[in-house]
Structures are given as structure tokens and as C-alpha cells.
Amino acid sequence: MLDVIQNHRLGLLEVAADGVPLWRYRYLNTPKPHVAWFATPAGHNTALVSPHDHVHHRGLMLGFTVDDVNFWEETQTDQIPQTGSILHAAFPRLELEASRLTVDERLVWQKGAEVYLEEQRTLTVWIEPDESAVRCDWTSQLHAVGQDRALTGQTPHAEVTYHGLGYRFDRSLDWGGHHLTPQGRIQGPPDPGRTAPWHEYAGCLDGSHAPVGVWIGDAPGNPRHPTPWVCRSHPPTPFVLVSASLLAHDPYRLEPGQPLTLSYSIWVHDGHWTPDDGDRVWANAFR
């Protein structure tokens, strides 16, 4: 049985089971609402928020550059002269039924007084006991406001853009882990922009040495499915980031009245999976 705890003063929404926190969503007091804590059914957290090396990495997050305004990074620099904020507007629905939390959220993507995008986000969270996983389904419907909007994902210091749905991993997983694709296990990050219906990163936690994994599936109805993936891990970088990047190779033009809908399924699980496990979960997640 799941319990839901909301602290509106802090802007936090938490899901727990038998007193063990499994999933925590921060929707206020942040430049972009994000999943700040995402644990396996055994209670092992896998997400990291605002590390010193990349303060804008916020657990499980969504961000793009829109008309040269960066909604992924959060600090203005010579290379990133304009940044914006994704702001929580309301929860039209927040419902726990049959041990499943469903959250409908309205958000606005804005810089100063100008609104660039309006978003309807739906998050659904529950435990998948047969897979020893905590599951979060994420759907975002993005609407251009006022005029056509160009989603460009500008990343001048990278070979392809990684803007999209990103996951920054707990420090325990920075070393010794592996990527898993439908083709098999990979040590070190796969080629940036490689396409696949799903991607997983797995490793073992410090202290307990517990094996854990984070599997992310791209819905077959998403534009440009199967999505490009952009990943960072050791070697060569000292941290782990996995991003489903719609914009890895090409920008996307969003017109008023023609929303962009993106759906993903994220499973944080105990143990390590095989490619067959990943294929089975993808088939079940989007049937």
C-alpha cells in the first residue's frame, strides 16, 4: 500500500511504502520541477539533485532550449546568454487509487514576462512487484504560446544535444556500472545519438553493494521514435547522465495549436536486467 505525503510549503510530493520513501517530486522553489528521489522497492535511491559539477542536473528532469532561451541549464554564461524557468501552475488532479498515484500538472515555460510554452504533465507512480521495480510513467504535452517556437537544444560544448528527458544518477553509481541496450551490455557510454526503444544504466551502490538499475522506455507514439540517447559515464566523464534526446540530431518546430506529446516509462529496480528483460518490459509498458 502506498502513502502520499504533500508538503506544499516546501513544494514536495512524496510516495512511500511502509514508511520507506520511494519517489519524491519537487514542484516549487526550483527552476524546473523534477523527480528528486527515485528508489527501488528495497528503498535504494538512484537519483541525484544539483551536484556541484552540474547544479542544473536535477534527478529525473525535462528541459529544452526554446527560441534561444535555455530551459535545461540554469546559469547564464557567454555561451548560454539566456535561461528561463519552468514554473508549476496547478495540480488539476492528484489522486491515489488502487495503490497508484496519478498527478496532472500544469506548467509554464517562461523568461521574464514572456511565456514560451505551456505544458500539461501527467506522472503516474506505482510498484511493479513482478519486476521488483518502482515505475513512473511521464507524459508531457507541450503547446507553443503566441508564435511558432523552435526547440533547438543548443549545446555548443557537445557533439550532439542532450536536452530532453534526463536522469542524473546517484554518486554511488558513477563508477563500475554499465549501460544496457537491446544489443547488450556496454562499458562506457554508447555512441552519442544512438537510437533505441529503451536504455538502461545499472550498477552497485556503495555500502550495501546492492545491484540496481534504471530503465527508461521511449513510447512508440513519440515523434522520432526510437529516440536518440545521449549518455555520460566513466570513462571518460566522472558522472552518469542518461538522456532521451528528441533533438539530438535535428531541431523541432512547434506551432500553436499543434502540441508535441512525449511519453516515457521509467522503472527503477533491484537487481540487474538482461536485454531480454528490457525488451519484455518495453513490450509490457506500452501495450
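From a predicted model like this one, the values you see are computed outputs, not experimental measurements.
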Any side-chain donor-acceptor pair under 3.5 Å between Y167 and T46?
yes
Do T124 and D137 pair up side chain to side chain, a donor and an acceptor below 3.5 Å, judged on atom types alone?
no
For L165 and I266, work out which heavy atoms get closest and say how close.
CD2-CD1, 4.3 Å
Should E74 and R58 count as an ion pair when the cut-off is N to O under 4.0 Å?
yes
Taking NZ, NE, NH1 and NH2 as the nitrogens, is one of them in R149 or E114 under 4.0 Å from a carboxylate oxygen of the other?
yes
Is a side-chain donor-acceptor pair under 3.5 Å present for Y25 with E14?
no
Distance col, row H249:NE2 vs T161:OG1, nearest 0.5 angstrom, shows 11.0 Å
Between W198 and D279, does any side-chain donor sit less than 3.5 Å from a side-chain acceptor?
yes
Kindly compute the distance separating CG (L180) from CG (D277), expressed to the nearest 0.5 Å.
8.5 Å
Distance only, no hydrogens: is a donor on one side chain within 3.5 Å (strictly under) of an acceptor on the other, for S233 and H179?
yes
Taken in chain and number order and not counting sequence neighbours, the residues that satisfy side-chain hydrogen bond (donor to acceptor under 3.5 Å, both in side chains) with R168 are D53, H57
So, T83 versus N70: side-chain donor-acceptor pair below 3.5 Å or not?
no
What are the two closest non-hydrogen atoms of A144 and L117, and how far apart are they?
CA-CD2, 4.0 Å
Enumerate the residue pairs fulfilling ring pair (Phe, Tyr, Trp, His ring centres under 6.0 Å) with a member in residues 117-150, sequence neighbours excluded, ordered by first and then second residue.
none
Should the pair E131-R280 be classified as a salt bridge under the 4.0 Å nitrogen-to-oxygen rule?
yes
Could you please spell out the steps behind the ring pair (Phe, Tyr, Trp, His ring centres under 6.0 Å) verdict for Y201 and W215?
CA-CA 7 Å; Y201 183 82; W215 180 96; over 10 Å; no
Donor-acceptor side-chain pairing of S172 and D170 below 3.5 angstrom
yes
Quick check, are the ring centers of W109 and F71 under 6.0 angstrom apart?
yes
Do we see a donor-acceptor contact under 3.5 Å between the side chains of R194 and Q183?
yes
Test ring pair (Phe, Tyr, Trp, His ring centres under 6.0 Å) applied to F91 - qualifying residues, sequence neighbours left out:
Y27, H88
Going by distance alone, is a donor N or O of one side chain under 3.5 Å from an acceptor N or O of the other, for S265 and W267?
yes
